[in-house]
**Student:** 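Have a look at this one before I ask anything.
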Amino acid sequence: MNQRTSIKDLPAFVNQSVTLHGWIRAIRSSGKIRFVEFRDGTGTCQCTVEAIHPEAFDALEHCGQETSLSLTGTVREEPRSPGGVEVSVEKVEIYQIAEEYPISRKEHGIDFLMQHRHLWLRSPRQEAILRVRHRIITAAREFFDQEQFTLIDTPIFQPGAAEGAGTLFDVDYFGSPAYLAQTGQLYLETAAMALGKVYCFGPTFRAEKSKTRRHLTEFWMIEPEVAFYELEDLEVLSENFLSHIVQAVLKHNRADLESLGRDVTALEKIQAPFPRVTYSEAVELLHNPELHAKLEAELASEQARGEGLKNEVAEKEAQLAQVSKAWKVEKLKKEIQELQDQIKELERWIANQPAHIQDAKSFEWGSDFGGDEETILSRQFDAPLIVTEYPKEIKAFYMKENPADPRTVRNLDVLAPEGYGEIIGGSQREDDLAKLLARMEAEGMDPEPYQWYLDLRRYGSVPHGGFGLGIERTVSWICGLKHIRETIPFPRLMGKMMP
RNA sequence: UCCAGCGUGGCUCAAUGGUAGAGCGGGUGACUGUUAAUCACUAGGUUGUAGGUUCGAAUCCUACCGCUGGAGCCA
């Protein structure tokens with residue numbers, strides 16, 4: 001067995017001999033010395049191979065990007081190296097000389113990267129995102145474990161729909177129709193009646209024809225469900241849960257967030273308690289002239305930001321004249337292009353904002369919030385916004401009618417800040433058999449396949465509730481990503497499955 | 001499903017009706033401190049597909065395919 005040292009541990013091995021196992025991220029040579037940027041999944045370090053070790057030096061002669069090998073040498077403190085330490089290599093053992101690697105250090109188009117997703121994962125940015133994803137999942141499980149929840153695995157093959165049947169993937173289950181799970185909720189409710197505090201975590205599937213930066217057809221959801229919890233308990237649970245996750249990522253993955261260019265100060269503000277509004281209050285807020293004034297002010301400040309961006313473009317264009325290297329010219333041009341794209345997006349936003357303000361003014365009680373309303377509302381707060389008690393008509397049959405206002409249900413949505421939209425949706429469940437049956441009838445549902453679920457209201461029914469957190473939307477928000485496709489190793493998007 | 005844009009070497013792009021080019025990556029060589037190293041040389045293209053207009057098409061037109069962005073839809 002080989003002795004192995006991880007790159008992240010190198011500072012503890014200064015002046016000692018180590019063996020690293022990994023891949024070449026980049027290699028440069030300068031006559032009698034080669035510089036190897038070496039990665040092993042824990043980090044990257046620069047290694048030098050000098051011609052005074054001819055075997056090692058010659059071994060690297062034809063090795064390109066992603067060649068796999070082990071390096072043995074001495075760790076030195078070295079200010080000229082990007083990581084502050086460097087390994088002087090004496091021995092090289094090659095596993096495989098990589099063929100010409102398709103992903104270079106230059107920029108690539110998104111289509112190309114998606115088709116090479118299996119290789120794209122090796123790039124530093126994707127590594128960072130995957131580590132944050134891991135932390136979010138680990139922190140979520142840790143939280144429920146600390147809170148004495150029991151993990152319950154719910155089935156992925158399910159006989160029917162919990163919600164809209166048009167968005168289910170159907171499969172042939174030995175000749176009978178079955179569907180891929182959209183949620184574990186109904187099953188989880190039964191487990192809550194057994195164990196009290198339970199949660200499930202698994203993949204869920206939606207056959208929605210949504211081609212947006214926020215939708216996947218296969219995504220992971222973590223769902224708690226608790227007996228004797230009412231809406232107010234769920235509000236507290238959700239804010240503690242999210243705070244715990246964000247704090248864990250800040251604690252363990254700060255470097256990853258910074259490498260992603262995430263504004264960490266925005267995340268540091270995420271501490272329970274969170275702001276709360278009811279749906280009706282949110283509608284009033286949308287109608288509030290003060291909000292409109294604020295939005296108008298925002299419009300002005302965004303216009304100013306647009307001017308700033310235009311100045312940046314001018315600056316870069318001035319720099320262009322002084323740069324002669326072709327690739328540097330291209331890089332500058334690309335940056336200018338990106339700025340111009342930003343300006344274009346901003347201008348589109350500015351152009352649409354008056355319409356959005358108008359929509360807000362004329363928003364009618366009873367409609368569901370669209371992306372625009374969600375964005376306007378959540379941008380009024382630094383922390384996630386808990387919105388409760390939506391109109392019954394636009395919500396699912398199992399949500400408990402609000403005794404204080406029967407037009408509404410006892411549900412909650414949590415909207416992430418910065419326009420990232422809904423990350424949590426949940427509710428207190430209807431625990432009254434008659435009301436639940438009436439509601440199913442109103443929706444035109446056949447109660448027959450749900451008898452097992454209705455049994456919970458026959459044998460010791462209690463108030464209970466829960467919610468679901470979409471892992472990928474949470475990753476997207478915490479990492480500050482533009483598109484959900486980077487939040488999961490192998491994204492399944494509408495009409496797309498490669499590799 | 002709708003709207004818009006795009007499709008040129010392995011990759012990122014240029015060439016707007018008149019000889020298809022650059023950078024990166026690949027290959028060969030030089031160089032002991034590189035940071036997307038540098039320098040020299042070099043290989044690599046039926047311009048997404050099919051049709052049309054034209055003396056001549058990467059460029060114009062039509063259809064199809066693919067991709068991207070947006071809208072719709074959306075726990």
Side-chain angles (χ1 to χ4, degrees), chain A residues 25-37 44-52 57 61-62 64-66 78-83 86 88 98-116 119 161-164 166-167 181-186 204 206-217 219 221 223 324-331 333-334 337 341 344-345 348-349 352 368-372 374 390 394-399 409 411-414 421-427 466-470 473 482-483 485 493-496 498:
Chain A
R25 174 156 272 152
I27 185 163
R28 294 177 284 276
S29 106
S30 181
K32 301 279 187 296
I33 183 167
R34 298 190 202 282
F35 298 91
V36 180
E37 258 176 67
T44 303
C45 78
Q46 177 163 290
C47 303
T48 55
V49 190
E50 295 177 77
I52 51 171
F57 187 81
E61 170 99 51
H62 297 290
Q65 213 181 335
E66 293 304 315
E78 173 54 80
R80 287 173 294 186
S81 168
E86 190 171 87
S88 292
E99 293 176 23
E100 190 184 331
Y101 192 65
I103 301 181
S104 70
R105 301 241 260 181
K106 276 201 67 171
E107 297 200 39
H108 295 281
I110 191 63
D111 180 38
F112 178 80
L113 289 171
M114 286 293 281
Q115 285 184 23
H116 294 81
L119 302 177
E163 294 169 35
T167 62
Q182 288 186 309
T183 165
Q185 184 202 315
L186 303 191
T204 48
R206 307 273 162 106
E208 282 158 18
K209 294 206 190 316
S210 300
K211 202 186 88 143
T212 81
R213 56 175 84 170
R214 300 195 312 280
H215 287 86
L216 292 164
T217 58
F219 66 94
M221 192 153 69
E223 300 173 85
S324 57
K325 282 291 320 157
W327 70 263
K328 283 186 178 160
V329 169
E330 274 196 33
K331 189 188 171 193
K333 279 188 179 166
K334 194 118 195 170
Q337 186 59 48
D341 286 349
K344 221 168 134 188
E345 199 174 326
R348 194 164 52 215
W349 183 88
N352 288 333
D368 203 355
F369 295 132
D372 296 339
E374 278 188 1
Y390 281 62
I394 56 171
K395 286 293 168 184
F397 75 94
Y398 50 72
M399 294 187 176
V409 286
N411 79 308
L412 81 167
D413 277 2
V414 181
E422 183 184 340
I423 48 174
I424 281 180
S427 70
F467 59 77
L469 171 87
R473 285 190 181 177
K482 280 209 208 107
H483 201 294
R485 65 186 156 221
L493 297 156
M494 178 190 141
K496 246 222 293 247
M498 269 298 280

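Lettering follows sequence order; numbering is per chain, from 1. When reading the values below, keep in mind they use all heavy atoms of this one structure, side chains included, and skip hydrogens, waters and symmetry mates.
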**Student:** Under 4.5 Å between any side-chain heavy atoms of His215(A) and Met494(A), yes or no?
**Tutor:**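 Side chain of His215(A) against side chain of Met494(A), heavy atoms only: no contact under 4.5 Å found.
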**Student:** Ignoring hydrogens and angles, state whether a donor on the side chain of Thr167(A) or Gln182(A) is under 3.5 Å from an acceptor on the partner side chain.
**Tutor:**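 Yes.
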**Student:** Take atom P in C41(B) and the same atom in G5(B), then report the distance between them in whole Å.
**Tutor:**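 These two P atoms come out 42 Å apart once rounded.
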**Student:** Side chain to side chain contact (heavy atoms under 4.5 Å, CB included) between Leu493(A) and Leu216(A): does it pass, once the steps are laid out?
**Tutor:** CA-CA 5 Å; Leu493(A) 297 156; Leu216(A) 292 164; 3.7 Å; yes
**Student:** Hey, are the side chains of Asp413(A) and Lys395(A) touching, using non-hydrogen atoms and a 4.5 Å cut-off?
**Tutor:**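 SC-SC contact between Asp413(A) and Lys395(A) confirmed.
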**Student:** Round to the nearest Å and state the distance from Arg28(A) atom CZ to C24(B) atom P.
**Tutor:**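 After rounding, the gap between these two atoms is 15 Å.
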**Student:** Measuring only the P atom in each nucleotide, how far is C31(B) from U19(B)? A whole number of Å is fine.
**Tutor:**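 My reading of the P atoms in C31(B) and U19(B) gives 42 Å.
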**Student:** Both Gly370(A) and His483(A) contact RNA chain B. Taking the nearest nucleotide for each, which residue is further toward the 5' end?
**Tutor:**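 So the residue in question is His483(A).
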**Student:** Answer with base, sugar-phosphate or nothing: what part of the nucleic acid does Ser427(A) contact at a heavy-atom distance below 4.0 Å?
**Tutor:**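 Answer is nothing: Ser427(A) stays at 4.0 Å or more from every strand.
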**Student:** Hey, what are the protein-to-nucleotides 30-33 of chain B N/O distances that come in under 3.5 Å?
**Tutor:**
from: C31(B); atom 1: N3; to: Gly31(A); atom 2: N; distance (Å): 3.1
from: C31(B); atom 1: N4; to: Ser29(A); atom 2: OG; distance (Å): 3.2
from: U32(B); atom 1: OP2; to: Lys32(A); atom 2: N; distance (Å): 3.4
from: U32(B); atom 1: O4'; to: Ser30(A); atom 2: O; distance (Å): 3.3
from: U32(B); atom 1: N3; to: Glu50(A); atom 2: OE1; distance (Å): 3.4
from: G33(B); atom 1: N1; to: Glu86(A); atom 2: OE1; distance (Å): 2.9
from: G33(B); atom 1: N2; to: Gln46(A); atom 2: NE2; distance (Å): 3.2
from: G33(B); atom 1: N2; to: Glu86(A); atom 2: OE1; distance (Å): 3.3
from: G33(B); atom 1: N2; to: Glu86(A); atom 2: OE2; distance (Å): 2.5

**Student:** Are Glu223(A) and Thr183(A) linked by a side-chain donor-acceptor pair shorter than 3.5 Å?
**Tutor:**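 Present: a donor and an acceptor within the cut-off.
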**Student:** Between G51(B) and A43(B), how far is it from one C1' atom to the other, in whole Å?
**Tutor:**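 Looking at atom C1' only, G51(B) and A43(B) are 35 Å apart.
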**Student:** With both distances under 3.5 Å as the test, what is the Watson-Crick or G-U wobble partner of C73(B)?
**Tutor:**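 WC or wobble partner does not exist here.
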**Student:** With respect to the side chain of Glu100(A), which nucleotide from C74(B), G25(B), U28(B) is positioned closest?
**Tutor:**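 The nucleotide sitting nearest to the side chain is G25(B).
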**Student:** When you compare the side chain of Phe467(A) with that of Ser427(A), does any pair of heavy atoms fall below 4.5 Å?
**Tutor:**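 The answer is no; the side chains never approach within 4.5 Å.
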**Student:** Is there any protein nitrogen or oxygen under 3.5 Å from a nitrogen or oxygen in nucleotides 11-15 of chain B, and what are the pairs?
**Tutor:**
from: C11(B); atom 1: O2'; to: His108(A); atom 2: ND1; distance (Å): 2.5
from: U12(B); atom 1: OP1; to: Gly109(A); atom 2: N; distance (Å): 2.9
from: U12(B); atom 1: O3'; to: Lys334(A); atom 2: NZ; distance (Å): 3.3
from: U12(B); atom 1: O2'; to: Lys334(A); atom 2: NZ; distance (Å): 3.4

**Student:** With side chains defined as the heavy atoms from C-beta onward, is the minimum distance between Ile52(A) and Phe57(A) less than 4.5 Å?
**Tutor:**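 No, side chains not in contact.
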**Student:** If the C1' atom of U47(B) is compared with that of U8(B), how far apart are they to the nearest Å?
**Tutor:**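 Roughly 4 Å separates the two C1' atoms.
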**Student:** Expressed as a whole number of Å, how far does the P atom of A15(B) sit from that of C6(B)?
**Tutor:**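 The same atom, P, in both gives a distance of 12 Å.
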**Student:** If you look at every strand shown and take non-hydrogen atoms under 4.0 Å, does His116(A) touch a base, only sugar-phosphate, or nothing?
**Tutor:**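 Nothing, no nucleic acid heavy atom in range.
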**Student:** Any strand counts, and the cut-off is 3.5 Å on both contacts for Watson-Crick or G-U wobble. Which nucleotide pairs with A4(B)?
**Tutor:**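 Its partner is U68(B) (Watson-Crick or G-U wobble, both distances under 3.5 Å).
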**Student:** Counting any heavy atom closer than 4.0 Å, what does Phe369(A) reach on the DNA or RNA strands: base, sugar-phosphate only, or nothing?
**Tutor:**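 The answer is nothing, as Phe369(A) stays clear of every strand by at least 4.0 Å.
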**Student:** Rounded to whole angstrom, note down the C1' distance from A36(B) over to G45(B).
**Tutor:**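 Result for the C1' pair: 26 Å, nearest Å.
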**Student:** Name the pairing partner of U38(B), where a pair is Watson-Crick or G-U wobble with both distances under 3.5 Å, or state none.
**Tutor:**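 Paired with A30(B).
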**Student:** Taking only the C1' atom of each, what is the distance from C24(B) to G44(B) in whole angstrom?
**Tutor:**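 Their C1' atoms lie roughly 14 Å apart.
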**Student:** Could you check whether Gln46(A) and Glu37(A), counting side-chain N and O atoms only, form a donor-acceptor pair closer than 3.5 Å?
**Tutor:**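 There is no such pair (donor and acceptor under 3.5 Å, judged by atom type) between the side chains of Glu37(A) and Gln46(A).
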**Student:** With both distances kept under 3.5 Å, what pairs with C60(B), Watson-Crick or G-U wobble?
**Tutor:**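 Result: G52(B).
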**Student:** Between G69(B) atom C1' and Met494(A) atom CE, what is the distance in whole Å?
**Tutor:**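 So the two atoms are 14 Å apart, to the nearest Å.
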**Student:** Nearest-nucleotide wise, let me know which of Gln115(A) and Glu37(A) is further upstream toward the 5' end of RNA chain B.
**Tutor:**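 Between the two, 5'-proximity favours Glu37(A).
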**Student:** In terms of the angle between their ring planes, are Phe112(A) and His108(A) parallel, tilted or perpendicular, with boundaries placed at 30° and 60°?
**Tutor:**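 Answer is parallel, since the angle falls under 30°.
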**Student:** Across all strands, who's sitting opposite G23(B) as a Watson-Crick or G-U wobble pair, both distances under 3.5 Å?
**Tutor:**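 Because both required distances fall under 3.5 Å, G23(B) counts as paired with C11(B).
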**Student:** Quick check on U68(B): is either OP1 or OP2 less than 4.0 Å from any side-chain nitrogen or oxygen of Lys496(A)?
**Tutor:**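 Checking U68(B) against Lys496(A), a side-chain N or O does come within under 4.0 Å of OP1 or OP2.
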**Student:** Atom OG1 of Thr48(A) and atom CD1 of Ile33(A): how far apart are they, to the nearest 0.5 Å?
**Tutor:**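 Atom-to-atom, Thr48(A):OG1 and Ile33(A):CD1 are 5.0 Å apart.
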**Student:** Taking the same atom, P, in G33(B) and in A14(B), what whole-Å distance lies between them?
**Tutor:**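 My reading of the P atoms in G33(B) and A14(B) gives 38 Å.
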**Student:** Heavy atoms, side chains only, cut-off 4.5 Å: are Pro102(A) and Leu119(A) in contact?
**Tutor:**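 A side-chain contact under 4.5 Å exists here.
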**Student:** Could you check whether the side chain of Lys211(A) and the base of G69(B) have a donor-acceptor pair of N or O atoms closer than 3.5 Å, going by distance alone?
**Tutor:**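 A donor-acceptor contact between them is present.
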